[in-house]
Peer 1: 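This is the structure I have questions about; it appears just below.
We count ligands from 1, going down the list as the structure has it; atoms in each ligand are counted the same way. When a residue number appears, it is its place in the shown sequence, counting from 1.
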Amino acid sequence: MTTSLVVLVSGAGTNLQALIDACADPAYGAKIVAVGADRDDIEALARADRAGIPTFVKQVSQFASREQWDRALADTVAGFEPDLVVSAGFMKLLSEDFLARHTTVNTHPALCPSFPGMHGPADALAYGVKVTGATLFIVDGGVDSGPIIAQTVVPVLDDDTTETLHERIKLAERTMLVDTIGLMASEGWELDGRRVRLG
Ligand code: GRF
């Protein structure tokens with residue numbers, strides 16, 4: 001059985017592209033049924049268009065409240081009947097209601113629980129850690145706080161800037177994302193407390 005994915009994006013969409021490329025192989029076991037964004041005119045949506053994947057945009061500013069935006073997003077996602085929602089560079093927090101309806105995973109460019117939030121690479125660099133990385137986790141009600149599915153480690157170099165460090169993280173992050181979603185799709189997974197087991 002193929003695992004249906006809805007991917008949520010806000011920017012360049014390099015993680016999305018890695019998933020699109022992986023899904024081209026039927027043996028991967030997953031298919032992207034739609035790509036959703038919280039803003040227009042982003043490269044991630046262009047990548048989905050080029051791959052022939054349906055897209056939708058829900059901007060917070062189009063709704064009277066954040067709650068209405070979140071419900072509209074959840075309803076639209078539900079229309080595609082995904083097995084899993086992948087938040088890949090999606091820069092909005094999702095409500096408990098959304099998460100109760102849709103099992104959602106997110107990738108964060110730091111080693112959780114360190115450096116949660118919008119500035120993971122910059123915060124890691126400023127702190128002076130010698131290794132950082134990326135984390136794939138099941139989204140809960142907090143900020144980058146959910147059960148960890150996979151992590152990947154990269155070195156911090158003496159001459160790194162936030163940009164060079166984030167680029168190195170993103171290389172490793174894409175591989176982790178593709179490998180792990182593929183395992184979840186083909187082997188299944190289970191949650192035991194905070195511990196996620198694949199296969
Ligand atoms: C990724 O590093 C993601 O973890 C972070 O923003 C970046 C998104 O990159 N939240 P892209 O849009 O997939 O290229």
Side-chain angles (χ1 to χ4, degrees), residues 5-24 28 30 32 34-51 53 55-60 73 82 84-94 98-99 104-127 129 131-157 160-182 184 196:
L5 309 176
V6 167
V7 183
L8 300 178
V9 294
S10 297
T14 58
N15 281 294
L16 168 66
Q17 187 67 55
L19 284 172
I20 291 172
D21 295 346
C23 288
Y28 184 62
I32 302 172
V35 171
D38 63 334
R39 61 199 74 185
D40 269 324
D41 295 329
I42 53 174
E43 180 59 20
L45 290 173
R47 292 177 190 274
D49 283 342
R50 287 197 292 272
I53 299 168
T55 63
F56 59 89
V57 176
K58 299 284 173 210
Q59 292 177 280
V60 174
L73 185 70
L84 192 65
V85 173
V86 181
S87 166
F90 186 63
M91 304 307 276
K92 291 279 185 302
L93 293 177
L94 299 164
F98 183 103
L99 298 171
T104 304
V105 300
N106 183 36
T107 171
H108 177 61
L111 292 175
C112 295
S114 293
F115 312 120
M118 304 275 282
H119 308 290
D123 292 344
L125 193 61
Y127 194 92
V129 293
V131 294
T132 183
T135 303
L136 183 70
F137 62 94
I138 300 169
V139 183
D140 64 6
V143 178
D144 301 322
S145 57
I148 292 168
I149 309 165
Q151 293 185 301
T152 185
V153 176
V154 304
V156 180
L157 304 183
D160 263 335
T161 62
T162 300
E163 291 71 31
T164 60
L165 178 58
H166 197 179
E167 276 311 309
R168 189 177 311 113
I169 292 169
K170 285 180 72 167
L171 274 178
E173 184 180 33
R174 290 195 284 271
T175 303
M176 173 191 70
L177 179 67
V178 166
D179 290 353
T180 310
I181 295 291
M184 292 173 82
V196 180

Peer 1: So is Ala88 polar-close to ligand 1, meaning N/O to N/O under 3.5 Å?
Peer 2: no
Peer 1: Quick one: ring pair (Phe, Tyr, Trp, His ring centres under 6.0 Å) partners of Phe98, sequence neighbours excluded?
Peer 2: His102
Peer 1: Any non-hydrogen atom of Glu43 lying under 4.0 Å from ligand 1?
Peer 2: no
Peer 1: What distance do Leu125 atom CG and Phe115 atom CZ have between them, rounded to the nearest 0.5 Å?
Peer 2: 9.5 Å
Peer 1: Can you pull out the closest protein heavy atom to atom 3 (C) of ligand 1? Residue, atom name and distance to 0.1 Å, please.
Peer 2: Glu173 OE2, 3.4 Å
Peer 1: Does ligand 1 have any atom sitting under 4.0 Å from a heavy atom of Ala44?
Peer 2: no
Peer 1: Would you mind checking which non-hydrogen protein atom is closest to atom 14 (O) of ligand 1, with the distance to 0.1 Å?
Peer 2: Thr14 OG1, 2.5 Å
Peer 1: Who pairs with Ser145 by side-chain hydrogen bond (donor to acceptor under 3.5 Å, both in side chains), at least two apart in sequence or on another chain?
Peer 2: Asp140
Peer 1: Hey, what do you get for CZ (Arg47) to CG (Leu16), rounding to the nearest 0.5 Å?
Peer 2: 7.5 Å
Peer 1: Is any side-chain heavy atom of Val7 closer than 4.5 Å to one of Phe90?
Peer 2: no
Peer 1: Counting heavy atoms only, name the option from Met118, His108, His166 that's nearest to atom 2 (O) of ligand 1.
Peer 2: His166
Peer 1: Around atom 6 (O) of ligand 1, find the nearest protein heavy atom and jot down its residue, atom name and distance.
Peer 2: Gly89 CA, 4.0 Å
Peer 1: Ser87 and side chain to side chain donor-acceptor pair (under 3.5 Å): which single residue from Asn15, Asn106, Thr107 fits?
Peer 2: Asn106
Peer 1: Return the closest protein heavy atom for atom 9 (O) of ligand 1 as residue, atom name and distance.
Peer 2: Lys170 NZ, 3.0 Å
